[in-house]
Amino acid sequence: LDLPDLERKGKNTIRFMMVKKSETTPIGRGENRNETVTYVQNVIGIYNMGTWNGQNETKSFDLPNNPNANEIVILVNSDRFGAVSAVGKYSY
């Protein structure tokens, strides 16, 4: 993933999420029993990639082995939990 030069100097936090795009689950009880519900964009895990100073660069990381995930979403936040500066997505 190539991160754009956002001209945002200072400390930015990069995280990636392992995502399962879709999962259909049967409902076993209640008024909707015997029906199904489909959940989309299920976050399976969140991982910290460290910090970024806002300059154009390429980051590398090893993916955890998770056979349920089929997409990765990367978020760049200003500071630790500030505004989202950039988002990237990779499906596999």
Side-chain angles (χ1 to χ4, degrees):
L1 173 73
D2 289 324
L3 298 173
D5 183 358
L6 298 175
E7 298 183 10
R8 178 183 292 278
K9 309 302 182 237
K11 187 177 179 182
N12 296 279
T13 302
I14 306 172
R15 292 181 186 83
F16 74 92
M17 296 174 280
M18 303 287 289
V19 176
K20 185 172 186 180
K21 289 183 192 179
S22 178
E23 180 175 7
T24 300
T25 303
I27 300 172
R29 18 181 239 197
E31 64 186 44
N32 292 320
R33 69 182 168 279
N34 300 324
E35 299 290 331
T36 60
V37 62
T38 300
Y39 298 101
V40 296
Q41 297 304 103
N42 298 297
V43 176
I44 297 170
I46 301 173
Y47 304 90
N48 192 353
M49 292 178 63
T51 59
W52 174 50
N53 67 4
Q55 297 296 316
N56 192 20
E57 66 178 285
T58 300
K59 293 278 191 182
S60 298
F61 56 95
D62 294 324
L63 290 178
N65 183 14
N66 192 325
N68 293 318
N70 50 18
E71 191 168 73
I72 300 164
V73 175
I74 297 176
L75 293 176
V76 178
N77 294 88
S78 60
D79 296 315
R80 188 166 177 203
F81 295 106
V84 174
S85 305
V87 176
K89 179 174 79 168
Y90 175 73
S91 298
Y92 55 96

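Everything numeric in this text was worked out from a predicted model, so none of it was measured.
Partners of Y47 according to the ring pair (Phe, Tyr, Trp, His ring centres under 6.0 Å) rule, which considers only residues two or more places apart in sequence or in another chain, are F16.
Between the OH atom of Y90 and the CD1 atom of I74 there is a distance of 11.0 Å, given to the nearest 0.5 Å. Note that CG of N34 and CD1 of I27 are 9.5 Å apart. Values are rounded to the nearest 0.5 Å. To the nearest 0.5 Å, atoms CZ (F61) and CD1 (I14) are separated by 9.5 Å.
Grouping the Ile, Leu, Val, Met, Phe, Trp and Tyr side chains by contacts below 4.5 angstrom, directly or via other members, places V43 apart from V40. Under a hydrophobic-cluster definition in which Ile, Leu, Val, Met, Phe, Trp and Tyr are linked whenever side-chain heavy atoms come within less than 4.5 Å, directly or via other members, I46 and V19 are assigned to the same cluster. Hydrophobic clustering keeps V37 apart from I44 (ILVMFWY residues linked when any side-chain heavy atoms are closer than 4.5 Å, directly or through intermediates).
Between M18 and P64 the shortest heavy-atom distance is CE-O, 3.8 Å. Closest of all the heavy-atom pairs between S78 and N12 is CA-OD1, 3.5 Å.
For residues 13-28, the pairs satisfying side-chain hydrogen bond (donor to acceptor under 3.5 Å, both in side chains) are R15-N77, K21-S91, T24-T38, with sequence neighbours left out.
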